[in-house]
Amino acid sequence: MKKIIINIVSFFALLLMVNCQDDNFSFGSIDTPKNLEVTAEIRGKTTEFPNGDGSGKIKFTSSADNTISYKYVFSDGTSENAPNGIFEKRFTKPGLNTYTVTVIASGKGGISTNTTLEVTVLSNFEDAEAVQFLTGGTSKKWYWSASEPGHLGVGPNNNDVTENYYAKYYQAGAFEKAGSPNSSCLYDNELTFSLEGGQLKYSLNNGGRTFFNAAFLNVGGGSGSEDLCLDYATTGQKTVTLSPSESVVTTNPEHATQTRGTMLNIADGGFMGYYIGQSSYEILSITANRMVVRAVMGGNPALAWYHIFTTTSPNQTPDTDYTNLVWSDEFNTDGAPDPTKWAYDLGSGGWGNNEVQTYTNSANNVIVQGGNLKITAKKEGSGYTSTRLKTDGKYKFTYGKIEFRAKLPIGAGTWPAVWSLGSDYATNTWPGCGEIDFMEHRGNIPNVIHGTLHYPGHSGGNPNTGSTTIANASTEFHVYKTVWSPTSVKFYVDNNLYHSFANDNTVPFNKDFFLILNVAMGGTFGGTIDPTFLQSSMEVDYIRVYQ
């Protein structure tokens with residue numbers, strides 16, 4: 001018996017050796033990079049000026065055995081890949097500063113080694129005025145100057161004084177990009193520049209949709225020959241450095257446009273709203289409320305794109321500038337909800353989501369009191385009760401701005417929602433009728449707000465959705481807003497856009513919908529209910545529809 005076991009073990013050991021040999025043969029020899037050497041050549045370094053000529057530039061050259069690529073990581077918050085090991089870095093913090101540089105040499109199979117060095121370099125470049133304009137001293141938001149002709153344009157990148165610094169080939173008309181779902185996401189951009197600990201920072205909030213130049217659609221998972229809005233979120237703060245422009249500074253006699261001489265460089269692939277494969281922008285002009293920049297097209301140095309930004313959020317185009325109040329409930333009369341505006345869904349059964357509550361019209365579950373509508377989910381014996389209000393049969397609408405001010409219930413398992421269904425739901429069954437969830441919240445994941453659309457191909461566990469995190473969703477009132485137009489559905493909390501959907505005739509969001517307010521318990525979205533839960537309320541100060 002022992003002999004048989006020994007033979008079996010030997011057989012598998014032989015197989016393992018063969019397999020390992022095969023793997024090594026197919027992948028090749030994996031050797032750790034070694035003998036990593038780095039040199040740092042400071043531009044303009046002399047005996048008299050040991051820290052350089054003030055340009056802040058250092059040329060790094062790295063070499064190592066068994067290496068296929070290098071990466072530089074700098075203590076100013078930036079990093080750069082350098083396949084051949086050579087990279088020139090401009091350090092832009094004014095004065096004499098010491099930086100830590102980590103060099104990573106990578107070989108086959110991701111095996112790497114690294115080394116760290118310190119460099120001290122002098123930078124004489126400073127544009128304090130630009131920093132002040134960008135940040136207001138602390139933090140400032142910028143938007144596309146959508147009402148201004150030429151807010152997006154492209155022209156030649158050359159030194160001809162009659163053409164340089166001018167979008168000669170194309171200039172967008174006022175609100176031109178708002179007319180199509182393929183491009184309307186551009187005006188959702190909110191660019192924030194801030195000053196933190198003396199370091200300039202930048203973030204882009206675009207509602208999860210990015211307007212791509214056609215040459216870079218593959219970055220967002222798209223294809224084609226036209227610029228498109230694609231689902232491509234931008235997250236996190238990025239470090240910004242300013243450096244002197246090396247362009248030829250000329251004044252265009254015909255168009256009177258001149259460069260400021262300052263480059264704005266966004267680390268880690270950051271970009272200013274329109275994706276053109278570029279992270280460095282030349283500031284042509286800047287004031288406290290208007291900025292013009294240009295950027296050389298990524299991969300095509302013959303073209304330069306021009307952007308104009310302001311500190312005023314762009315007005316919407318006429319079909320989405322919804323300011324006429326057409327329906328509302330201010331909840332100013334104590335008692336039961338207004339029966340001319342609200343009906344009830346009653347009963348239990350889960351409503352398709354495995355929920356556990358029973359809906360009632362009892363004052364224990366729904367009441368208008370002290371200027372607020374209160375929908376209360378309660379533990380009742382071994383079950384739960386709550387209320388679901390709807391305007392079905394009383395009010396319906398197509399397109400508009402839906403706005404409400406609410407404070408949400410607290411407790412694991414609570415699932416408050418303000419949402420809508422297509423009014424043809426009886427004959428066009430869900431999800432064909434369409435569903436827009438203006439606000440949903442899960443007590444199991446406090447303070448995360450969801451805006452969601454359900455429709456054929458994107459329903460149930462596969463909706464089109466976005467979310468944002470706010471503070472004190474269950475202890476303070478917040479304003480929730482959705483702007484629904486023929487070209488888009490946009491979700492906001494406290495005027496901050498967090499999700500945008502491109503609307504068109506292929507989805508069921510171009511017909512009448514009605515409103516629903518409810519607090520569910522448990523179910524597929526609400527999740528596990530806290531066994532100690534007794535009751536909690538969603539309070540709504542008002543709900544309004546503008547068209």
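Nothing here was measured: the structure is a model prediction, and the numbers come from that model.
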Give a yes or no on whether a salt bridge exists between Glu88 and Lys59, defined as a side-chain N under 4.0 angstrom from a carboxylate O. no

Report the residue from [options] that forms a side-chain contact (heavy atoms from CB on, under 4.5 Å) with [X].
X	options	value
Met291	Leu134, Leu284, Thr311	Leu134
Trp419	Asn518, Ile436, Leu515	Asn518
Leu389	Ile516, Asp329, Leu373	Leu373

If only atom types and distance count, is the side chain of [X] paired as donor or acceptor with the main-chain N or O of [Y] below 3.5 Å?
X	Y	value
Asp437	Met439	no
Lys140	Phe133	yes
Ser467	Ile449	no
Gln547	Thr398	yes
Asp494	Val479	yes
Tyr498	Gly451	yes
Lys481	Lys490	no
Ser75	Thr100	yes
Asn510	Asp504	yes
His478	Ala471	yes

Strictly by salt bridge (charged side-chain N to carboxylate O under 4.0 Å, His left out), give each pair with a member in [range] just once, sequence neighbours left out.
range	value
residues 453-474	none
residues 222-234	Arg209-Asp231
residues 124-139	Asp127-Arg260, Glu129-Arg260

I want to check something: taking the side chain as every heavy atom from C-beta on, are [X] and [Y] in contact at a cut-off of under 4.5 Å?
X	Y	value
Val540	Asn372	no
Lys141	Asn205	no
Thr210	Thr234	yes
Val121	Tyr99	yes
Tyr425	Glu435	no

Shortest non-hydrogen contact between [X] and [Y], atoms and distance:
X	Y	value
Trp430	Leu421	CD1-CD2, 3.9 Å
Phe513	Ser420	CD2-OG, 3.5 Å
Pro431	Pro456	O-CD, 3.3 Å
Ser500	Asp188	OG-OD2, 3.0 Å

Under the side chain to side chain donor-acceptor pair (under 3.5 Å) criterion, do Asn472 and Asn447 qualify, and how do the steps go? CA-CA 7 Å; Asn472 307 315; Asn447 299 318; 5.9 Å; no

Applying side-chain hydrogen bond (donor to acceptor under 3.5 Å, both in side chains), can you list everything that pairs with [X], at least two apart in sequence or on another chain?
X	answer
His450	none
Ser243	Asn265
Tyr170	Glu176, Lys177
Ser145	Glu148

Of the options Tyr306, Tyr187, Phe175, which is the one that meets His151 in a ring pair (Phe, Tyr, Trp, His ring centres under 6.0 Å)?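 Only match with His151 under ring pair (Phe, Tyr, Trp, His ring centres under 6.0 Å): Tyr187.
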
Determine, stepwise, if the pair Val296 / Leu303 fulfils side chain to side chain contact (heavy atoms under 4.5 Å, CB included). CA-CA 6 Å; Val296 177; Leu303 294 180; over 6 Å; no

For [Y] together with [X], are the ring centres under 6.0 Å from each other?
X	Y	answer
Trp342	Trp327	yes
Phe397	Trp484	yes
Tyr275	Phe212	yes
Tyr72	Phe60	yes

For [X], check salt bridge (Lys or Arg N to Asp or Glu O under 4.0 Å) against everything at least two apart and list the hits.
X	result
Lys71	none
Glu403	none
Arg544	Glu330

In terms of relative ring orientation, are [X] and [Y] parallel, tilted or perpendicular, with 30° and 60° separating the classes?
X	Y	value
Phe193	Tyr202	tilted
Tyr232	Phe271	tilted
Phe309	Trp144	tilted

Between His499 and Asn464: side-chain donor-acceptor atoms closer than 3.5 Å: yes

Evaluation steps, salt bridge (Lys or Arg N to Asp or Glu O under 4.0 Å), between Glu196 and Lys201: CA-CA 7 Å; Glu196 301 181 14; Lys201 298 286 186 177; over 6 Å; no

Decide side chain to side chain donor-acceptor pair (under 3.5 Å) for Glu282 and Ser245; before the verdict, give the C-alpha distance in whole Å, the side-chain angles of both, and the deciding distance to 0.1 Å. CA-CA 7 Å; Glu282 184 175 17; Ser245 168; 2.7 Å; yes

Set out, in order, the CA-CA distance, both residues' side-chain angles and the distance that settles side chain to side chain donor-acceptor pair (under 3.5 Å) for Tyr274 and Asn213, then state yes or no. CA-CA 7 Å; Tyr274 178 47; Asn213 181 278; 2.9 Å; yes

Pairing residues for Trp415 by the ring pair (Phe, Tyr, Trp, His ring centres under 6.0 Å) criterion, not counting sequence neighbours: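 Ring pair (Phe, Tyr, Trp, His ring centres under 6.0 Å) list for Trp415, sorted by chain: Phe525.
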
Test ring pair (Phe, Tyr, Trp, His ring centres under 6.0 Å) applied to Phe501 - qualifying residues, sequence neighbours left out: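 If we apply the ring pair (Phe, Tyr, Trp, His ring centres under 6.0 Å) test to Phe501, skipping adjacent residues, the hits are Tyr455, Phe509.
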
Set out, in order, the CA-CA distance, both residues' side-chain angles and the distance that settles side chain to side chain donor-acceptor pair (under 3.5 Å) for Thr487 and Asn503, then state yes or no. CA-CA 5 Å; Thr487 60; Asn503 193 17; over 6 Å; no

Lys396 NZ: over 12 foreign heavy atoms closer than 6.0 Å: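 Atom NZ in Lys396 is not packed in, count stays at 12 or less.
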
